[in-house]
K.L.:
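Sending over a structure as C-alpha cells; questions will come in a sec.
All heavy atoms count here, side chains included; hydrogens, waters and symmetry mates do not.
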2 protein chains.
Amino acid sequence: MSSPRKVSDSTVRRLSSYLRILRDIQSDGTHTVSSERLAELGGLTSAQVRKDLSFFGNFGVRGRGYDVGDLRTALTGILGLDRTWKTVVVGAGRLGSALISYPEFPNQGFAIVGVFDVDPSKLGRRIGDCEIRPVQELRDYAERESISVGIIATPRVAAQEAADHLVAGGIRAILNFAPMALDVPPGVTVRHVNLAIELEGLSFAITESSNVPTTIETGDAD
Amino acid sequence: MSSPRKVSDSTVRRLSSYLRILRDIQSDGTHTVSSERLAELGGLTSAQVRKDLSFFGNFGVRGRGYDVGDLRTALTGILGLDRTWKTVVVGAGRLGSALISYPEFPNQGFAIVGVFDVDPSKLGRRIGDCEIRPVQELRDYAERESISVGIIATPRVAAQEAADHLVAGGIRAILNFAPMALDVPPGVTVRHVNLAIELEGLSFAITESSNVPTTIETGDAD
DNA sequence: ACTTGTGAACTGTTTCACAGCA
DNA sequence: TGCTGTGAAACAGTTCACAAGT
C-alpha cells in the first residue's frame, strides 16, 4: 500500500521531528507552514525537508506551503502512530519501572499491557497498571494477547533470552536497552538504545576537544 | 596531541563496540584478534574495522592481527575512558533515579556525584550515594566541583533551563533524555537520547512491513 | 511572486582490492 | 602465507538550483 522504496533511518528520525514541530505550531494556531520555516524550527535545510516529505507524496501546495493539520495527519499515518501498539516490558528493575511510567510511551500509542521479570520475589507486585509476571509466561502471553512490541530492560545476560521469548511469541519490534547486540530473525526490527555508547561518545568528544585546543568544532546538538 | 582530523559519529560508535568486544574476548583468554573476527563479532565488514582503526594509528601487525590487550588500551585512551568524569544528574524523577543506579555509568568512568531537582519535597532525600539538592545550587556546585558532564532527566519544560545552569557552571558535555532539542553554545557537546523517536522508528518499521507483504528487508539489529 | 518537487552536483561513508610487510 | 593499511571505486545521503504550479 505504501511506497516500496527503501527509506533511510535518518529520514524516519526527521519525520518524527517534523511531526513534533507540527504539533507545537498547530497548538499556536498556525495553519500553514513552509519548508523553510519547518527547516528553521528543526535545525535543517529547506531542501532536506522537501526531499524527506516528497519521498512519501506531494503534501505541499506550490507558492503556499504545507497545511499543518494535513501534514500532521499524513505523517502520523506514515509513522503508524494512528493506532495503538500493544507493548510488553521485560525486566522490572529500576530502568524497566521508569520506562513503564514514562508518559512518552502512551503518547505515541504504545500501550504497555504487561511486565515480566525472572525474580520470583517481584511477581504479583504492580507497576502502574501492570502486575509483574514470570518470564516463563512471556511467550504465551505475547502470542495470546497479540503483542506487537517488546521492550527489553533486563541485565545484559538475560537480554538474548528475553528476545527469544518475544520473537517466539510473535512480536514484531524490540526496543533494547541492554548493552548488547541481539540476534533476531529477519522481519523483526530492533532499535538499540545503548547508554554506554552515548556516554563513550561524550567522553570522546570531551577528550578530543581537550587535546586539540585551537579547534572547537563540536557542539552538535541533536 | 591526538589526530586533528574529523571523526564521524558512526566511527566513534563503532569504536565503543570494538572495545566492548575486546573486553569480552580478553576475558575468554584470547590474546590476538583479526579484523575479520572483530567484524564478525560486531556484525560489520573487516574493511570497516581496519578503516576505523587506521584513523587513529597502526595498531595491527600484518600477517598476525591485533593484540587484544594493546588495542583495548589504545581504544580506552582514544575514547577518554582511562579517567573519571565527574557527572551530575538533573531531575530526580523515575528516569533520573534509574539512571543514578545504572551500573554502566561508573563502569565507563562516569561518577555521579550530585543530583538536582526543583521539587522541594524531594530535597535532602538520598538516591544511591547522593543527596538531592535544589537546582538553584546547580550552577555553583558544577563550577566548584569541576563537573564535566550533566545528565538531563527532567520533563521537557525544565530541560533548557537545566542545560543553561549546566553550561553556566562550566560543564563540557550533556546527555539529554528530555524530548526536545537543547540550545547550547559551541564547545559543549550534546547527545540526545529520544525515546519517542526510537518508538516512532519502530512504529514506522512495523507499519511499513505490514503494508509491503512481499518484501521484508528490515531486521537490522544495532 | 512565492514555494514546492526534483534531477544533477556534491559530499561523506562504506566496500573493494591489492601492495606491503611479518 | 596471512593479514594489515590504504588508495580507488561504489554507494548513500545532502545540498543546489531551477522548472513547474498556483
Side-chain angles (χ1 to χ4, degrees), chain A residues 3-18 21-22 25 30-68 70-72 74-75 78 201 217-218 220 222, chain B residues 3-18 21-22 25 30-72 74-75 78 201 204 217-218 220 222:
Chain A
S3 56
R5 307 171 269 187
K6 207 192 71 208
V7 182
S8 84
D9 201 68
S10 11
T11 300
V12 177
R13 283 170 192 274
R14 284 192 300 268
L15 294 184
S16 295
S17 154
Y18 302 149
I21 292 166
L22 290 170
I25 65 178
T30 310
H31 286 101
T32 297
V33 68
S34 66
S35 59
E36 191 60 46
R37 180 81 185 120
L38 219 34
E40 189 187 323
L41 294 169
L44 303 156
T45 69
S46 62
Q48 180 83 83
V49 174
R50 293 197 299 278
K51 256 274 152 63
D52 286 339
L53 297 178
S54 73
F55 230 92
F56 297 93
N58 296 4
F59 302 115
V61 180
R62 289 165 198 244
R64 182 162 289 275
Y66 301 89
D67 180 274
V68 173
D70 290 354
L71 187 54
R72 178 181 168 173
L75 289 181
I78 289 163
E217 63 174 78
T218 30
D220 53 304
D222 201 1
Chain B
S3 57
R5 306 171 272 187
K6 209 193 70 208
V7 182
S8 83
D9 201 69
S10 11
T11 299
V12 177
R13 282 169 193 275
R14 285 192 300 267
L15 294 184
S16 295
S17 154
Y18 303 150
I21 292 166
L22 290 170
I25 64 178
T30 310
H31 286 100
T32 298
V33 68
S34 66
S35 59
E36 190 61 48
R37 180 80 183 119
L38 219 35
E40 189 187 323
L41 294 167
L44 304 157
T45 70
S46 62
Q48 179 84 82
V49 174
R50 293 197 300 277
K51 256 276 152 62
D52 286 341
L53 297 177
S54 73
F55 228 92
F56 297 93
N58 295 3
F59 302 116
V61 181
R62 289 163 198 245
R64 184 161 287 276
Y66 301 89
D67 180 272
V68 174
D70 290 354
L71 187 55
R72 179 182 166 171
L75 289 181
I78 290 163
F204 175 78
E217 64 172 75
T218 30
D220 53 304
D222 201 0

K.L.:
Can you measure A:Leu38 atom CG to C:dT3 atom P for me and round it to whole angstrom units?
P.N.:
13 Å
K.L.:
Whole angstroms only, please: what is the CZ-P distance between A:Arg64 and C:dG5?
P.N.:
14 Å
K.L.:
Just by distance, with hydrogens left out, do A:Ser17 and A:Arg13 show a side-chain donor and acceptor under 3.5 Å apart?
P.N.:
no
K.L.:
Hey, what do you get for OG (A:Ser8) to NZ (A:Lys6), rounding to the nearest 0.5 Å?
P.N.:
8.0 Å
K.L.:
Given the rule in the side chain to side chain contact (heavy atoms under 4.5 Å, CB included) test, do B:Leu22 and B:Thr30 qualify, once you have shown the distances and angles that lead to the verdict?
P.N.:
CA-CA 9 Å; B:Leu22 290 170; B:Thr30 310; over 6 Å; no
K.L.:
Grab the CD-P distance between A:Gln48 and C:dT6 for me, whole Å please.
P.N.:
15 Å
K.L.:
Which nucleotide, C:dG20, C:dT14, C:dG12, lies nearest any side-chain atom of B:Arg14?
P.N.:
C:dT14
K.L.:
Could you please spell out the steps behind the side chain to side chain contact (heavy atoms under 4.5 Å, CB included) verdict for A:Tyr66 and A:Arg72?
P.N.:
CA-CA 10 Å; A:Tyr66 301 89; A:Arg72 178 181 168 173; over 6 Å; no
K.L.:
Can you give the first and last nucleotides of DNA chain D, 5' to 3', that have an atom under 4.0 Å from a heavy atom of chain A?
P.N.:
D:dG13 to D:dT22
K.L.:
In whole angstrom, what separates B:Arg13's CZ from C:dT14's P?
P.N.:
12 Å
K.L.:
State which of C:dG5, C:dA17, C:dT15 makes the closest approach to the side chain of B:Lys51.
P.N.:
C:dT15
K.L.:
Mind checking side chain to side chain donor-acceptor pair (under 3.5 Å) for A:Tyr18 and listing every partner two or more places apart, or none if nothing turns up?
P.N.:
A:Asp52
K.L.:
Does A:Thr11 reach a base, just sugar-phosphate, or nothing at all? Heavy atoms under 4.0 Å.
P.N.:
nothing
K.L.:
A:Leu53 CG to C:dG5 P: how many Å, rounded?
P.N.:
8 Å
K.L.:
Applying side chain to side chain contact (heavy atoms under 4.5 Å, CB included) to A:Leu75 and A:Leu53, what does each step give before you reach the verdict?
P.N.:
CA-CA 9 Å; A:Leu75 289 181; A:Leu53 297 178; 4.0 Å; yes
K.L.:
Tell me the interatomic distance from A:Arg37, atom CZ, to C:dC2, atom P, rounded to whole angstroms.
P.N.:
18 Å
K.L.:
Would you indicate what B:Arg50 reaches in the nucleic acid, counting non-hydrogen atoms under 4.0 angstrom: base, sugar-phosphate, or nothing?
P.N.:
base
K.L.:
Take A:Thr45 and A:Gly63, find for each the nucleotide of DNA chain D with the closest heavy atom, and name the residue whose nucleotide sits nearer the 5' end.
P.N.:
A:Thr45
K.L.:
Tell me which nucleotide among C:dG20, C:dG5, C:dT14 gets nearest to the side chain of B:Arg62.
P.N.:
C:dG20
K.L.:
Go through it in stages, so that I can follow the logic: the residues are A:Val7 and A:Phe56, the test is side chain to side chain contact (heavy atoms under 4.5 Å, CB included), and I'd like the CA-CA distance, side-chain angles, deciding distance and then a yes or no.
P.N.:
CA-CA 10 Å; A:Val7 182; A:Phe56 297 93; 3.9 Å; yes
K.L.:
Rounded to the nearest angstrom, tell me the gap between atom CG in B:Asp52 and atom P in C:dT14.
P.N.:
7 Å
K.L.:
Could you tell me whether the phosphate oxygens of C:dT4, OP1 or OP2, come under 4.0 Å of any side-chain nitrogen or oxygen in A:Ser35?
P.N.:
yes
